[in-house]
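Report on the structure given below.
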Amino acid sequence: TGSTRPERILAAVQRKATKGDARSVVNTIDQYCRYQEWAMNVGDEKGAILDSIVCEVKPSVMLELGTYCGYSTVRIASMLPPNARLLTLEFNPAYAAVARQVIAWAGVEDKVVLIEGPSGDWIPKMKEEFGVTSFDLVFLDHWKDRYLPDTKLMEECGLLRTGSILLADNVICPGTPEYLEYVRGSPRYESKYFRSHLEYTRVEDGLEKSVFLG
Ligand SMILES: CCNc1ncnc2c1ncn2[C@@H]1O[C@H](/C=C/CNC(=O)c2cc(-c3ccc(F)cc3)cc(O)c2O)[C@@H](O)[C@H]1O
Ligand SMILES: [Mg+2]
């Protein structure tokens with residue numbers, strides 16, 4: 001019963017990254033996943049696009065679907081002002097346990113609320129449990145066939161307001177065809193594709209940024 005990939009990533013962070021330095025945690029994970037073993041973090045190239053959108057939107061309340069090891073959680077949190085909040089959903093307890101430690105090592109735990117459980121259960125409870133009115137920005141990076149149902153669920157739960165932004169990873173690889181067709185075809189969204197590459201590779205992938213028009 002050896003270690004899991006997320007546990008090996010955590011070990012690399014605790015061995016090589018400077019405690020309390022979020023950028024050093026991000027760089028350590030990128031180094032590890034580029035030169036030791038690949039992992040499904042948004043990565044440095046798409047991560048730079050993510051950074052620019054977080055900086056542009058300056059969200060007060062943000063949601064991330066699919067924490068995994070916490071790489072994008074730390075990346076986003078390091079860009080947020082002190083009073084902003086990032087809620088991140090992860091339903092695999094082992095991954096959540098790793099992510100909590102990565103988030104703590106980076107020193108961003110004050111801006112992050114990691115919620116352990118499936119998005120389908122928690123999205124309807126966001127208002128009552130976490131006092132969320134609506135999300136300024138949502139980063140979708142969980143199971144690709146769940147992007148569309150969860151987007152519809154957020155609409156139904158009144159968690160999107162005019163101007164809320166959805167940013168979806170992997171719209172090319174592995175691909176999210178139904179989601180893409182929906183946001184690009186719906187008059188309620190203004191969508192834009194940011195071309196990039198699959199993390200740590202030369203394979204094409206990209207992010208889709210969709211503004212909810214109400
Ligand atoms: C049940 C839906 N609700 C969920 N609620 C909460 N957490 C969820 C949920 N789904 C999945 N998760 C979690 O999100 C993470 C899942 C992410 C899925 N991502 C991918 O499959 C993915 C896959 C690739 C990829 C690309 C090319 C390949 F050859 C192989 C893999 C690249 C990526 O950037 C990816 O994001 C896990 O931590 C999982 O436990
Ligand atoms: Mg991804």
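Whatever order the structure lists ligands and atoms in, that order sets their numbers, starting from 1.
- Partners of T28 under the side chain to side chain donor-acceptor pair (under 3.5 Å) rule, at least two apart in sequence or in another chain, do not exist in this structure.
- No hydrogens or angles considered: nothing links the side chains of E90 and Y68 as a donor-acceptor pair under 3.5 Å.
- Residues L207 and S196 form no side-chain contact, since every pair of their non-hydrogen atoms from C-beta on lies 4.5 Å or further apart.
- Within the 4.0 Å heavy-atom criterion, neither part of D205 lies near ligand 1.
- Screening D44, I9, L10 for a side chain to side chain contact (heavy atoms under 4.5 Å, CB included) involving I29 leaves a single residue, I9.
- Below 3.5 Å of separation, one finds no N or O of D150 facing any N or O of ligand 1.
- Closest to atom 23 (C) of ligand 1 among all protein heavy atoms lies P174 CG, 3.6 Å.
- With a heavy-atom cut-off of 4.0 Å, W38 touches ligand 1 through its side chain alone.
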For residues 145-155, run the donor-acceptor check on the side chains, cut-off 3.5 Å, and write out each pair with its distance to 0.1 Å, sequence neighbours left out.
{"unit_1": "R146", "atom_1": "NH2", "unit_2": "D150", "atom_2": "OD1", "d": "3.3"}
{"unit_1": "Y147", "atom_1": "OH", "unit_2": "L140", "atom_2": "O", "d": "3.0"}
{"unit_1": "Y147", "atom_1": "OH", "unit_2": "K144", "atom_2": "NZ", "d": "2.9"}
{"unit_1": "Y147", "atom_1": "OH", "unit_2": "D169", "atom_2": "O", "d": "2.7"}
{"unit_1": "D150", "atom_1": "OD2", "unit_2": "S119", "atom_2": "OG", "d": "2.6"}
{"unit_1": "D150", "atom_1": "OD2", "unit_2": "H142", "atom_2": "NE2", "d": "2.7"}
{"unit_1": "T151", "atom_1": "OG1", "unit_2": "Y147", "atom_2": "O", "d": "2.8"}
{"unit_1": "E155", "atom_1": "OE1", "unit_2": "Y182", "atom_2": "OH", "d": "3.1"}
{"unit_1": "E155", "atom_1": "OE2", "unit_2": "Y182", "atom_2": "OH", "d": "2.9"}
{"unit_1": "E155", "atom_1": "OE2", "unit_2": "Y189", "atom_2": "OH", "d": "2.5"}

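- Under 4.0 angstrom from ligand 1, the non-hydrogen atoms of D141 come from both its backbone and its side chain.
- Among all non-hydrogen protein atoms, the one lying nearest atom 2 (C) of ligand 1 is R146 CG, 3.5 Å.
- Put simply, no part of Y200 is less than 4.0 Å from ligand 1, judged by heavy atoms.
- With a heavy-atom cut-off of 4.0 Å, Y95 touches ligand 1 through its side chain alone.
- Here the protein heavy atom with the shortest distance to atom 4 (C) of ligand 1 is S119 OG, 3.6 Å.
- Protein heavy atom in closest approach to atom 32 (C) of ligand 1: E199 OE2, 3.2 Å.
- Here the side chain of S186 pairs no donor or acceptor atom with the backbone of V183 at under 3.5 angstrom.
- Within the structure, salt bridge (Lys or Arg N to Asp or Glu O under 4.0 Å) contacts touching residues 191-214 (residues at least two apart or in different chains) are K46-E199, K46-D205, E56-K209, R184-E208, R195-E204.
- For atom 29 (F) of ligand 1, no protein heavy-atom neighbour is found at a distance under 4.0 Å.
- Below 3.5 Å of separation, one finds an N or O of N170 facing an N or O of ligand 1.
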- Hey, mind stepping through I172 and Y193 against side chain to side chain contact (heavy atoms under 4.5 Å, CB included) and telling me if it holds? CA-CA 10 Å; I172 302 299; Y193 174 60; 3.1 Å; yes
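- S78 contributes no side-chain N or O that, together with a main-chain N or O of A22, makes up a donor-acceptor pair within less than 3.5 Å.
- The closest side-chain heavy-atom distance from D30 to Y200 is below 4.5 Å.
- Only protein N, O or S atoms were scored, and 3 of them lie under 2.8 Å from the Mg ion (ligand 2).
- Side-chain atoms of T73 and T67 include no donor-acceptor pair closer than 3.5 Å.
- Proximity of G117 to ligand 1 is established by a heavy-atom distance of less than 4.0 Å.
- Contacts between V203 and ligand 1 below 4.0 angstrom, taking non-hydrogen atoms only, are absent altogether.
- Put simply, the side chain of R8 gets close to the backbone of S3: a donor and an acceptor are under 3.5 Å apart.
- Taking the six-membered ring for Trp, W122 and F91 have ring centres at least 6.0 Å apart.
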